[in-house]
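Accompanying notes for the structure given below.
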Amino acid sequence: MGGIAAVLNFDGAAVPEREVERMANALKPYGLDRQRVLTRGNAAFVVCLHYLTPEDLFEHQPLQLTNRFVMLFDGRIDNRSELGNSLGMAAPEMHSMSDSMIALRMFDRWGERAFERIVGDFAAIVMDLQEGRLLCVRDQMGLRVLHYHRSPERFAVATVPEALFALSWVPRILNKDKVGDALVNRGLNGETTYYQDIFRVLPGCIVDVRGRNFSKDRFWDPQNIANVRFKSDHEYVEAFRECMDVALKARLRSRSAPCALITGGLDSSSIAVVAADMLAANGSRLNTFTAVPEAGFIREELRGRYFDETPYVRQIAEVNRNLVPHFIAPSKGPILEQIADQIRLGGTPAGSILNGLWIMDILGAARSSGHNVMLGGEMGNITMSYNGYGLFAELLRTGRWLRLFGEMTSFFDYRWKFILRHWIIAPFVPAPLFRRYKEWRRGGNAPWHYSAIRPDFAARSGVVDRAAREYLPLDAQPPRDGRLTRITDFHCYCETADWLARMRAAFGVDIRTPAFDRRLVEFCIGIPEDQYFRKGCDRWLIRRAMKGRLPDVVLYNKKTGEQASDWYPRLTRERNRIAEEVKRLAANADVASIVDLQRMTAILEAWPDRQPSDYSSERRILSSIPQALGAAYFIENVTGE
């Protein structure tokens, strides 16, 4: 595991040695344990290895096959035993074989179709020296990353864009449109990046370069996931538990003891509890890390919302004695500097800036405790703990109105009005009428008016049209097809996978996501909607599966924890410093052309004396400040100012 890169000159010329060295230096943080460079004719290859699993010690990349093929492999193969049987390999041989060598033997047997058989997080580069053909492959879920740039004369691919920029012929130009998309919470086109002419290999895809010919082929498409049907509700629960166990066991493979990120929610807590049981069989305990508000922060729980994970995690630990909780408060120091560090290390202005800060605090604590693998619950809300609300539109769409009425009457809490409005009525309102309704609700303002994007830039850049074309319209009504909605949400992980790769380089900790295991995903997408919602109980699947393993206060909690809940006092203390920083940023023409700095100044001047309610428009407006600062720092980093 680590960083990989390759360069191919179409004219047959050798790749200059100094270019390859610069690329290797850029990739070094992604693999400090071992670095190797290989040049063959008009191609060059770089591998930087980070030893995370026991089998990584047997890595000898770049791998060569019959003096014709060169393979670079970054990642982890989770179905090693299954593939070993397919290849006719004995168990003792498998124990001393690296994942990359398994991938090479599979490629020797099945060619590029081999990658369809691999389950795990991986990216691979394969060069056919005889035909001058280069393949760039990314796993089905997109959990490892590859970026590329091509010109009429050359092609280069690498784990991260910085390795590409080490080449003199690759431009480092800000993609302003993409930054604008991030400011309005879109920008989820998986191929495009925050740099012009730098693209990602899409999940489940192979990019094929044959000289100047270029093509893309998808070998896995989530829309083709098969239906999964059993005779009884109990069978779904048992099959889910089996899938979850398999996904977790694969992700515990590590050279040092793994740890887990845990909250009071269902995803991370379920993963931690099952992992703790597995480690107990070997006499090990599971350290967990939980972000908590700063000292002195007190806020009473609201209807549907809580603000401190501590009491829930403590109760989980009381029920599961093999789990050792650690509570991590926010880092001290100016929040402006922390935001700047996150942008520098994370390399993206997308996502929740404030959430990124506490994750970095947790990664720092895990590293200090000697861990290099951390389990997390990312993407669980669309797989293992999906709420099942798509069932309502499905029942209405398919004419099962008596069943729909029965499900609606099973609600006895505040949520029934929301369900009726958002999941039953709204999906079937004609789209033009729904857009006019949304415009009326926001008082005629633009759909992105909560963000800090400059209005003239938003219009000139076309953020509204691009959102509709590349992902979801900004005024999109709730969908009628819950399954398709969840599949569409896979797109958001392209940005997350980039960020996690950079965190792995910065902290040396590999965040692994059992809820996004391909086998678990195919099961959770394939089963019926009514396995997630039944008689007023949402997230029905995981609540049944974890009964007796999680305390009832967690298992049946209908409240959602707010991450970075102490954001208001932290920003309030530094409001004056932030205002001064906004003034400084105004001198940067690139920043000022995208970010509405005048509006930021007005927001800071009108900063409220009390924290606004969680669901208010004022809250959304205040939240635009850290996002805008993150975008501004990213722009400065790219433009070199």
Side-chain angles (χ1 to χ4, degrees), residues 240-241 244 247-248 251 259-277 286-293 299 301-320 323 325-328 351-352 354-359 361-363 366 374-389 413 415 486 489 492-493 496 500 511-517 520-521 524 532-533 537-567 614-615:
F240 169 73
R241 286 173 177 158
M244 187 177 175
L248 263 168
R251 282 159 180 78
C259 63
L261 185 157
I262 187 172
T263 70
L266 289 171
D267 298 321
S268 61
S269 61
S270 298
I271 288 168
V273 165
V274 175
D277 286 348
L286 179 70
N287 284 325
T288 65
F289 296 87
T290 303
V292 297
R299 191 175 182 195
E301 293 188 3
L302 302 175
R303 186 181 71 174
R305 190 65 63 95
Y306 64 89
F307 304 99
D308 188 352
E309 313 279 0
T310 304
Y312 298 97
V313 173
R314 288 197 186 282
Q315 292 190 58
I316 295 169
E318 288 177 5
V319 174
N320 300 272
L323 190 151
H326 303 269
F327 299 96
I328 310 302
S352 171
L354 296 180
N355 279 357
L357 297 184
W358 66 256
I359 295 176
D361 290 335
I362 282 179
L363 289 172
M374 173 177 280
L375 304 176
E378 289 86 358
M379 303 301 283
N381 59 340
I382 61 174
T383 55
M384 52 196 284
S385 73
Y386 169 54
N387 57 33
Y389 289 164
D413 58 31
R415 294 176 298 165
R486 295 156 67 199
D489 284 344
C492 72
Y493 214 82
T496 305
L500 292 179
I511 298 180
R512 298 180 179 174
T513 55
F516 219 37
D517 179 276
L520 185 60
V521 167
C524 290
Y532 295 102
F533 191 98
C537 182
D538 62 0
R539 297 177 170 86
W540 191 47
L541 178 67
I542 197 168
R543 294 189 202 274
R544 288 177 289 161
M546 296 305 296
K547 186 174 178 60
R549 305 187 75 174
L550 289 175
D552 286 353
V553 70
V554 173
L555 193 63
Y556 300 110
N557 189 10
K558 295 181 180 179
K559 296 182 178 181
T560 302
E562 180 179 342
Q563 310 296 335
S565 58
D566 52 5
W567 65 272
D614 283 15
Y615 305 104

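Ring pair Phe533/Tyr386: centre-to-centre distance not below 6.0 Å.
Between Met546 and Val273 the shortest side-chain heavy-atom distance falls below 4.5 Å. Annotation: side chain of His326 is not in contact with side chain of Thr288 (no heavy-atom distance under 4.5 Å). By the 4.5 Å heavy-atom criterion applied to side chains, Val274 and Arg241 are not counted as neighbours. By the 4.5 Å heavy-atom criterion applied to side chains, Gln563 and Ser352 are not counted as neighbours. Counting only heavy atoms from C-beta outward, the side chains of Cys524 and Tyr532 approach each other to under 4.5 Å. In this structure, the side chains of Ile328 and Thr290 stay at 4.5 Å or more apart for every pair of heavy atoms. Leu550 is not listed as a side-chain neighbour of Val319, based on a closest heavy-atom distance of 4.5 Å or more. No side-chain heavy atom of Phe289 sits less than 4.5 Å from a side-chain heavy atom of Ile262.
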**Request:** May I have the step-by-step check of side chain to side chain contact (heavy atoms under 4.5 Å, CB included) for Leu266 and Leu555, ending in yes or no?
**Result:** CA-CA 7 Å; Leu266 289 171; Leu555 193 63; 4.2 Å; yes
**Request:** Let me see the working for Asp552 and Lys547 under salt bridge (charged side-chain N to carboxylate O under 4.0 Å, His left out), right down to the final yes or no.
**Result:** CA-CA 8 Å; Asp552 286 353; Lys547 186 174 178 60; 5.2 Å; no
**Item:** Chi angles and distances behind the side chain to side chain contact (heavy atoms under 4.5 Å, CB included) call for Asp538, Arg543
**Value:** CA-CA 9 Å; Asp538 62 0; Arg543 294 189 202 274; 2.9 Å; yes
**Asked** Stepwise, does the side chain to side chain contact (heavy atoms under 4.5 Å, CB included) test hold for Ser269 with Thr263?
**Response** CA-CA 6 Å; Ser269 61; Thr263 70; over 6 Å; no
**Request:** Kindly indicate, with the supporting measurements, whether the criterion side chain to side chain contact (heavy atoms under 4.5 Å, CB included) is fulfilled by Phe327 and Glu309.
**Result:** CA-CA 9 Å; Phe327 299 96; Glu309 313 279 0; over 6 Å; no
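A side-chain donor-acceptor contact under 3.5 Å links Thr383 to the backbone of Met379. Formation of a donor-acceptor pair under 3.5 Å by the Asn320 side chain with backbone atoms of Arg549 is found in this model. At least one donor-acceptor pair closer than 3.5 Å links the side chain of Arg539 to the backbone N or O of Ser385. Panel note: side chain Arg544, backbone Trp540; a donor-acceptor pair is recorded below 3.5 Å.
For the atom pair CG of Leu248 and CZ of Arg512, the computed distance is 11.5 Å after rounding to the nearest 0.5 Å. For the atom pair Glu301 CD and Lys559 NZ, the distance stands at 4.0 Å (nearest 0.5 Å). Here the CG-CD1 distance, from Leu261 to Ile511, works out to 7.0 Å after rounding to the nearest 0.5 Å. Here Leu375 contributes atom CG and Thr513 contributes atom OG1; the two are 9.5 Å apart, rounded to the nearest 0.5 Å. The CG atom of Asn287 sits 8.5 Å away from the CG atom of Leu323 when rounded to the nearest 0.5 Å. Met384 CE to Phe240 CZ: the interatomic distance, rounded to the nearest 0.5 Å, is 4.5 Å.
Taking a cutoff of 4.0 Å between a charged side-chain nitrogen and a carboxylate oxygen, Arg299 and Asp566 do not qualify as a salt bridge. Looking at Asp517 and Arg251, a side-chain N of the basic residue comes within less than 4.0 Å of a carboxylate O on the acidic one, giving a salt bridge.
In terms of heavy-atom proximity, Gly377 sits nearest to Ile271 at CA-CD1, 3.8 Å. Closest approach of Asn557 and Tyr312 over heavy atoms only: ND2-CE2, 3.4 Å. Nearest heavy-atom pair, Ala247 versus Pro514, reported as atom, atom and distance to 0.1 Å: CB-O, 3.8 Å. For Leu354 against Ala564, the heavy-atom pair with the smallest separation is CB-CB, 4.0 Å. Between Ala291 and Ile362, the shortest heavy-atom distance links the atoms N-CD1, 3.6 Å. Asn387 and Tyr389 make their closest contact through OD1-N, 2.9 Å (heavy atoms, listed as atom of the first residue, atom of the second, distance).
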